[in-house]
Amino acid sequence: MICLDERYSTTRCVTTEKPEIIKKPQDKFETLLFLPPGEGRKGEGGLRTRGYFKKSYPNKPLISVITVVLNGEKYLEETILSVLNQTYDNVEYIIIDGGSTDGTLDLIKKYEHAIDYWVSEKDRGIYDAMNKGIVLATGDWINFMNAGDGFYDTESILKIFTESIEEVYGVIYGDTLIIYNNKLQRISKALPIENINYGMVFSHQSCFTRSHICKTKKFSLDFRFAADFHFFISLYKEGVCFLYFPEVISYMRAGGLSDTYRLKVISEYEIISKQYENNTKISLAFLFKKIDQKARIIIKKLIPNYMTEFIIRIMKYRKHAECNKRA
């Protein structure tokens, strides 16, 4: 075990021993250390290209964190640092860039001494990029941390993996802090996994999935907005056990793909959910979701921006007053 730099979660536990990627006949997945050149390849780099690799140790499983990004220079550095600053010692960090044309690549290269592997090339969308990350992961568990999002604090990973996780569990999930453009924040509590028929019950930034499950299944490219929902509901229906970790694991910024195209997301949720249960209760639930979302869109158009800001300020004031009252 070699420590290249004690400051980063990704450089405290490395080895020059190249992993043997052996595909057994019963395996339905593959693992690669480097991606073969793809369309519009702009470059690759990281610790692997310098001959440094990762592996799991007794009581210290390797955690693979994957970030997919396209023209995300505004918040990418924040995301990178949230991973590198984790106190957990055995983290593998992979960044899949979709061929950015802004300053994203410069940021990645700035930290490539602490990134295990990065590649920049065209892809077929966010889920294709996530699948590339899955193929490259060598850890026991995989987390997807989008550009602009991050771990809630520096001990987020350590808190979960301080003790060994029973083999029966395939997915660990927790709560998420949502940050809005106006800086208003709220904690989104994960719902019981039994509610997954009606949509995502947690954010994928706040979950860890066993690597062999991700590699066997991957994300379906049939869905543009809800392949993560398709992935997790199918795992649940197949009998994979989910473990709820009752703490905030990550933060995410509202306004991503799922928020921008919320009605389309709900429509894909409905299509996916009805593959497993197609009844009146499910249909009504999604009908109400669509009505609610359309109403929100209309209200946003009718209420001027200054009024929205005023309401937000009132909400912040009331929240602050409540906290003082409790104190």
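Using cut-offs of 30° and 60° for the angle between ring planes, the Phe144 and Phe219 rings count as perpendicular. Between Phe161 and Tyr88, the ring planes lie tilted relative to each other; the angle falls in the 30° to 60° range.
With 3.5 Å as the limit, one finds a donor-acceptor pair spanning the side chains of Ser206 and Ser250. Residues Thr176 and Lys189 have side chains that never bring a donor and an acceptor to within less than 3.5 angstrom of each other. Lys215 and Asn131 share no side-chain donor-acceptor pair at under 3.5 Å. Between the side chains of Asn146 and Tyr75, no donor-acceptor pair of N or O atoms lies under 3.5 Å. A side-chain donor from one of Glu78 and Tyr251 sits under 3.5 Å from a side-chain acceptor of the other.
Here the side chains of Ser267 and Lys290 are in contact, with some heavy-atom distance below 4.5 Å. Residues Asp97 and Ile108 meet the side-chain proximity criterion, which asks for heavy atoms closer than 4.5 Å. Between Tyr8 and Gln86 the shortest side-chain heavy-atom distance does not fall below 4.5 Å. Counting heavy atoms from C-beta on, the side chains of Lys132 and Asp123 come closer than 4.5 Å. With a 4.5 Å cut-off on side-chain heavy atoms, Leu35 and Glu44 do not count as touching.
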Yes or no on side-chain hydrogen bond (donor to acceptor under 3.5 Å, both in side chains) for Thr11 and Asp5, after CA distance, side-chain angles and deciding distance?
CA-CA 5 Å; Thr11 53; Asp5 191 329; 4.8 Å; no
Glu277/Lys237 under salt bridge (charged side-chain N to carboxylate O under 4.0 Å, His left out): CA gap, chis, key distance, verdict:
CA-CA 11 Å; Glu277 283 192 44; Lys237 297 298 182 178; 3.5 Å; yes
Is there a ring-ring contact (aromatic ring centres under 6.0 Å, His included) between Phe223 and Tyr127? Walk through the geometry before answering.
CA-CA 9 Å; Phe223 303 100; Tyr127 296 114; 9.0 Å; no
Using the rule given for side-chain hydrogen bond (donor to acceptor under 3.5 Å, both in side chains), can you reason through Glu92 versus Thr138, listing the C-alpha separation, both sets of side-chain angles and the distance that settles it, and then say yes or no?
CA-CA 8 Å; Glu92 173 180 74; Thr138 63; 2.5 Å; yes
Asp153 vs Lys159, test: salt bridge (charged side-chain N to carboxylate O under 4.0 Å, His left out). Steps then yes/no.
CA-CA 10 Å; Asp153 60 40; Lys159 289 174 187 175; 2.9 Å; yes
So Asn197 and Ile233, side-chain contact (heavy atoms from CB on, under 4.5 Å) or not? Walk me through it.
CA-CA 7 Å; Asn197 284 330; Ile233 192 174; 4.0 Å; yes
Decide yes or no on side-chain hydrogen bond (donor to acceptor under 3.5 Å, both in side chains) for Glu112 and Trp118, but give the supporting numbers first.
CA-CA 8 Å; Glu112 69 175 342; Trp118 68 267; 2.8 Å; yes
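Test Lys54, Arg48, Arg50 against Asp116 for salt bridge (Lys or Arg N to Asp or Glu O under 4.0 Å) and you get one pass: Lys54. Each of Arg253, Arg186, Gln185 was evaluated against Tyr180; a single residue qualifies, Arg186, per the side-chain hydrogen bond (donor to acceptor under 3.5 Å, both in side chains) test. Considering Tyr276, Phe286, Phe229 in turn, Phe229 is the only one that fulfils the ring pair (Phe, Tyr, Trp, His ring centres under 6.0 Å) rule with Tyr269. None of Ile66, Leu47, Ile63, Ile80 except one satisfies the side-chain contact (heavy atoms from CB on, under 4.5 Å) rule with Tyr93; the exception is Ile80.
Across Ile187 and Leu177, no two heavy atoms sit closer than the pair CG1-CD1, 3.9 Å. Closest heavy-atom contact between Ile193 and Val201: CD1-CG2, 4.0 Å. Residues Gly139 and Ser64 share a closest heavy-atom pair of N-OG, 3.0 Å. Contact between Met1 and Cys13 at its shortest, heavy atoms only, is SD-SG, 3.1 Å. Heavy-atom minimum distance, Glu121 versus Gly38: OE1-N, 3.0 Å. When all heavy atoms of Lys218 and Phe231 are compared, the pair lying nearest together is O-CD1, 3.4 Å.
Other residues, nucleotides and ligands contribute only 12 or fewer heavy atoms inside 6.0 Å of the NZ atom of Lys18. Around atom CG of Asn279, more than 12 heavy atoms belonging to other residues, nucleotides or ligands sit under 6.0 Å away. For Glu6, the CD atom is loosely surrounded, since the number of other residues' heavy atoms within 6.0 Å does not exceed 12. In Lys294, the NZ atom is not crowded: 12 or fewer heavy atoms of neighbouring residues, nucleotides or ligands sit closer than 6.0 Å. Other residues, nucleotides and ligands contribute more than 12 heavy atoms inside 6.0 Å of the NZ atom of Lys42. A 6.0 Å sphere centred on CZ of Arg41 holds more than 12 heavy atoms belonging to other residues, nucleotides or ligands.
Leu81 contributes atom CG, which lies 9.5 Å from atom CG of Leu107 (distance to the nearest 0.5 angstrom). Separating the CD1 atom in Ile134 from the CD1 atom in Ile96 is a distance of 10.5 Å, to the nearest 0.5 Å. With rounding to the nearest 0.5 angstrom, the OG1 atom of Thr31 is 12.0 Å from the NE2 atom of His212. Between Asn90 atom CG and Asp140 atom CG the span is 8.5 Å, to the nearest 0.5 Å. Ile196 CD1 to Leu191 CG: the interatomic distance, rounded to the nearest 0.5 Å, is 10.0 Å.
No chain of hydrophobic side-chain contacts below 4.5 Å, direct or via other Ile, Leu, Val, Met, Phe, Trp or Tyr residues, connects Phe208 to Ile213. When hydrophobic clusters are built by joining Ile, Leu, Val, Met, Phe, Trp and Tyr residues whose side-chain heavy atoms come closer than 4.5 Å, directly or via intermediates, Tyr57 is not grouped with Leu158. By the rule that hydrophobic residues join a cluster once side-chain heavy atoms approach within less than 4.5 Å of another member, Tyr173 and Ile160 end up as members of separate clusters. Cluster membership for Phe242 and Ile249, using ILVMFWY side-chain heavy atoms within less than 4.5 angstrom, is not shared. Val91 and Tyr111 end up in the same hydrophobic cluster when Ile, Leu, Val, Met, Phe, Trp and Tyr side chains are linked at under 4.5 Å.
If you look at Phe232 and Phe202, their ring centroids are closer than 6.0 Å.
In this view, Asp89 and Arg12, Lys60 satisfy the salt bridge (charged side-chain N to carboxylate O under 4.0 Å, His left out) rule, not counting sequence neighbours.
Ion pairing of Glu270 with Lys289 is absent here, as no side-chain N (NZ or NE/NH1/NH2) approaches a carboxylate O to less than 4.0 Å.
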